[in-house]
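Keep in mind that what you see is a predicted model, and the values were worked out from it rather than measured.
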Amino acid sequence: MAVNEACPLTIGILAHVDGGKTTLTEQMLFKAGAVRSLGRVDDGSAHTDFMDFERRRGISVRAASALLEWRGVKIYIIDTPGHSDFSAEVQRAVRAMDLAVIVVSAVEGVQSQTELIWRSIDKMGIPALFFINKTDRVGADVRSVMAEIGELTGTAPRLIDLEDKESLAETLAEYDDAALEKYFDEGAGAFGDDELDTLLRDSFYARKLIPALCGAALKGEGVEPLLELLARLSKAQDAAGPLSGVVFKVEHNPSLGRVAHLRLFSGTLKNRDSVRNVTMGREEKVTQIREVLGSKEKDKGSLCAGEVGAVYGLTGTVSGDIIGDPSYVPPVAEIAAPVLRVKVTPAEPSQYPALVAALSELSAEDPLLDVIWEKESRELLVRVTGLLQIEILQTLLAERFGLEAALGEPMVVYKERPLKRAHGYVEYTMPKPCWAVMDFEIEPLPLGTGVVFESTVANDKIYTRYQAQVRQTIPEALRQGPKGWEVTDVRIRLVGGEHHTVHTHPLDFMLATPMGIMDGLVASGTELLEPMQKFRLTFPEEASGRLIGEIVAMRGTFDSPVVRKGCFMMEGLLPVASSMDFPLRVASLTGGRGTLSTTAAGYAPCPPGEGFEVPYRGVSPLDRAKYILYKRGALGA
């Protein structure tokens, strides 16, 4: 079959931790001649593990991009972390992909992170193929894993062999009515290479076909068929369209400053071009564009649609930002949000400014770090997703910035949800000049719904542009509720109010919105929500009693254990607050024979007596007079 030689392809390699994705990436680069030597995770020589910590620990922490060429097709690879603590890195990288290669072990099968990855790319409409790895290991069961993939995706995966034209034609004809009729009338020999190539791409990108391949990445088995399939799946890119791209990773070059790793979906980008960062609402100028070749870069000067490059000069850009037209970029599907908060203290008080600067730089690379300065208590807080991320943060501060910092015990990040329907009312009419009157209806929504804003107010009562300001301010208004935590799972409906044609100032409605929202939340009352995690535990039968006792003591819930591949397997839910040290205790509870994997599972109501409130940071909208003075710049925070 022919391939689209002029059409680049951006793929992501995703897997549960230890699935073999970095090993597969190394083999792909080596087979394609992109690297001269084959790197290995075990000895710290992997070409896509750049950080010293990654090389020492043998795990991927940050997404890494590389480039290879196979049969004339440029294939950009984004290798992503597999550990659940770095799911946010995966979340940002997924948006840059044409397709995902999901690596699943032939021994362990579909695991918790695999499920999380699939749900995310499924929501975003990104097609995927599966590489069933480690088929050379004892206990490998491809048939069982294929069944698990089918159960996960709701579509039976199909083993693809591009060399077997008859089998390929039979498979692809099932996804096209005209092709199926032709197959029955004329047989597989009636299909030309180009026709099969088109059928393959059409059925794949329509997400009807889920291809699967088998192999052993460590030995290089199955790697060339994978490269061949990817080359067949290259598709046309919109070079003539408007500029549109997404920043999936940010780094800092010691001499050149901030580096934005950008996937371009449409248009062309050149050195010295001015670009619009629509996420931040600002113009920035490109100073240099480089092509990433493993751990090296070379000057490129321009990027075309479908290409990936390292862009310099975007000094205000952070990871996840959209450049140009946002309509070409897939919507983000949240995989995980930080559920822990830690206090960061420098070795010397005089190092606070340097520590804040370092954390600000790191938060550009990972915006979910959410650095918070508690002025009243003079505490610096950072949000993280797990214990491993805390360890890496401390290592980065020491090795990259030369800062010895102490990180305190992790504190769980709770959320709030309204208890009942209520109204929040605000009249901001003094001191003049100002005029913003609003009546909000607030009601709880089902868990996991998020925030919904609606308005039933006519333009003659509150101008549409003022209502847009209200919508824009909702996230800020919900950052802290009456109990001090972010408010979620709430519908906010603007049902009444008025502006004044003379006295209303352009920003009055933005100032007044938090006061009205907080008034409604107090009237409704709120309940605390705690973060949960889904767990999957395998263990010997004799350990079941001890484990069940531990899980019950942690307020966990679980399904009845089942026997799988000679071991007992149990799935369930655990509160993060009571189970942070559980991974460390599994080994002793199971005599070293148990394995535990966890993934984020949203939030659930806290039982009575669990969780805690925190003080409001800054000036609360409930302190109306002080809040108005503060927002109008007449009072320090």
Side-chain angles (χ1 to χ4, degrees), residues 336-343 370 372 374 377 379 381 383-387 408-424 440-452 477-492 517-535 537 546-560 570-585 596 598-617 620-622:
V339 296
L340 299 176
R341 182 186 289 177
V342 294
K343 177 181 175 182
D370 192 21
I372 300 168
E374 295 276 16
S377 59
E379 291 182 343
L381 303 175
R383 292 179 65 174
V384 295
T385 51
L387 300 180
E409 289 295 317
M411 178 177 66
V412 169
V413 174
Y414 293 88
K415 292 188 178 184
E416 299 178 49
R417 181 175 68 157
L419 284 170
K420 61 183 180 181
R421 182 177 295 182
H423 278 261
F440 293 101
E441 182 183 81
I442 291 175
E443 63 177 321
L445 291 177
L447 292 170
T449 305
V451 177
V452 176
L478 296 178
R479 280 180 65 86
Q480 298 179 80
K483 300 183 188 298
W485 299 104
E486 179 186 355
V487 181
T488 188
D489 300 333
V490 56
R491 175 181 282 111
I492 299 172
I517 297 296
M518 186 65 86
D519 181 66
L521 291 172
V522 171
S524 166
T526 60
E527 64 175 341
L528 282 178
L529 304 178
E530 65 176 338
M532 306 294 291
Q533 56 185 351
K534 180 181 179 181
F535 73 88
L537 183 63
R546 294 190 297 274
L547 288 170
I548 289 174
E550 288 283 328
I551 292 168
V552 170
M554 290 185 289
R555 299 188 285 114
T557 58
F558 54 90
D559 298 327
S560 297
M570 179 194 300
E571 294 184 337
L573 292 172
L574 285 169
V576 171
S578 59
S579 61
M580 280 191 281
D581 63 342
F582 188 48
L584 303 176
R585 292 187 284 117
L596 173 72
T598 60
T599 53
Y603 278 72
C606 269
E610 300 293 340
F612 57 91
E613 301 179 18
V614 292
Y616 194 96
R617 300 188 306 276
S620 171
L622 292 174

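Looking at Ile551 and Met554, their side chains come closer than 4.5 Å, going by heavy atoms from C-beta outward. The shortest side-chain heavy-atom distance between Arg479 and Arg617 falls under the 4.5 Å cut-off. Proximity of Val490 to Leu445: side-chain heavy atoms (C-beta onward) are nowhere separated by under 4.5 Å. The shortest distance between side-chain heavy atoms of Val384 and Pro410 does not fall below 4.5 Å. Contact of the Met518 side chain with the Tyr616 side chain is registered, since non-hydrogen atoms from C-beta on lie closer than 4.5 Å.
Ion pairing between Glu530 and Arg555 holds under the 4.0 Å rule for side-chain N and carboxylate O.
In this structure a side-chain-to-backbone donor-acceptor pair under 3.5 Å is present from Glu416 to Trp485. Not one N or O on the side chain of Thr449 forms a donor-acceptor pair closer than 3.5 Å with the backbone of Asp489.
When every heavy atom of Leu596 is checked against every heavy atom of Phe582, the shortest pair comes out as CD2-CD2, 3.7 Å. For Ser524 against Pro418, the heavy-atom pair with the smallest separation is OG-CB, 3.3 Å. For Pro605 against Leu447, the heavy-atom pair with the smallest separation is CD-CD1, 3.6 Å. Contact record, Gly520 with Ala422: O-CB, 3.8 Å, taken as the closest heavy-atom pair.
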Go through it in stages, so that I can follow the logic: the residues are Met570 and Ile548, the test is side-chain contact (heavy atoms from CB on, under 4.5 Å), and I'd like the CA-CA distance, side-chain angles, deciding distance and then a yes or no. CA-CA 10 Å; Met570 179 194 300; Ile548 289 174; 3.7 Å; yes

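One distance of note links CD of Glu571 with CZ of Phe558; it measures 13.0 Å at 0.5 Å rounding. In this structure, OG1 on Thr598 lies 11.0 Å from CG on Leu537, to the nearest 0.5 angstrom. One finds the CG atom of Leu340 at 10.0 Å from the CZ atom of Arg383 (value rounded to the nearest 0.5 Å). Annotation: the span from Arg417 atom CZ to Glu486 atom CD amounts to 14.5 Å, rounded to 0.5 Å. Here the straight-line distance linking atom CD of Glu613 with atom OG1 of Thr526 works out to 7.5 Å at 0.5 Å rounding. Atom CD of residue Glu550 and atom OG of residue Ser578 lie 10.5 Å apart, to the nearest 0.5 angstrom.
Applying the side-chain contact (heavy atoms from CB on, under 4.5 Å) test between Lys415 and each of Val339, Thr488, Leu478 identifies Thr488 as the sole match. Just one residue in the list Leu622, Ile492, Val487 forms a side-chain contact (heavy atoms from CB on, under 4.5 Å) with Leu521, and that residue is Val487.
A ring-centre distance under 6.0 Å is not found for Tyr414 and Tyr603.
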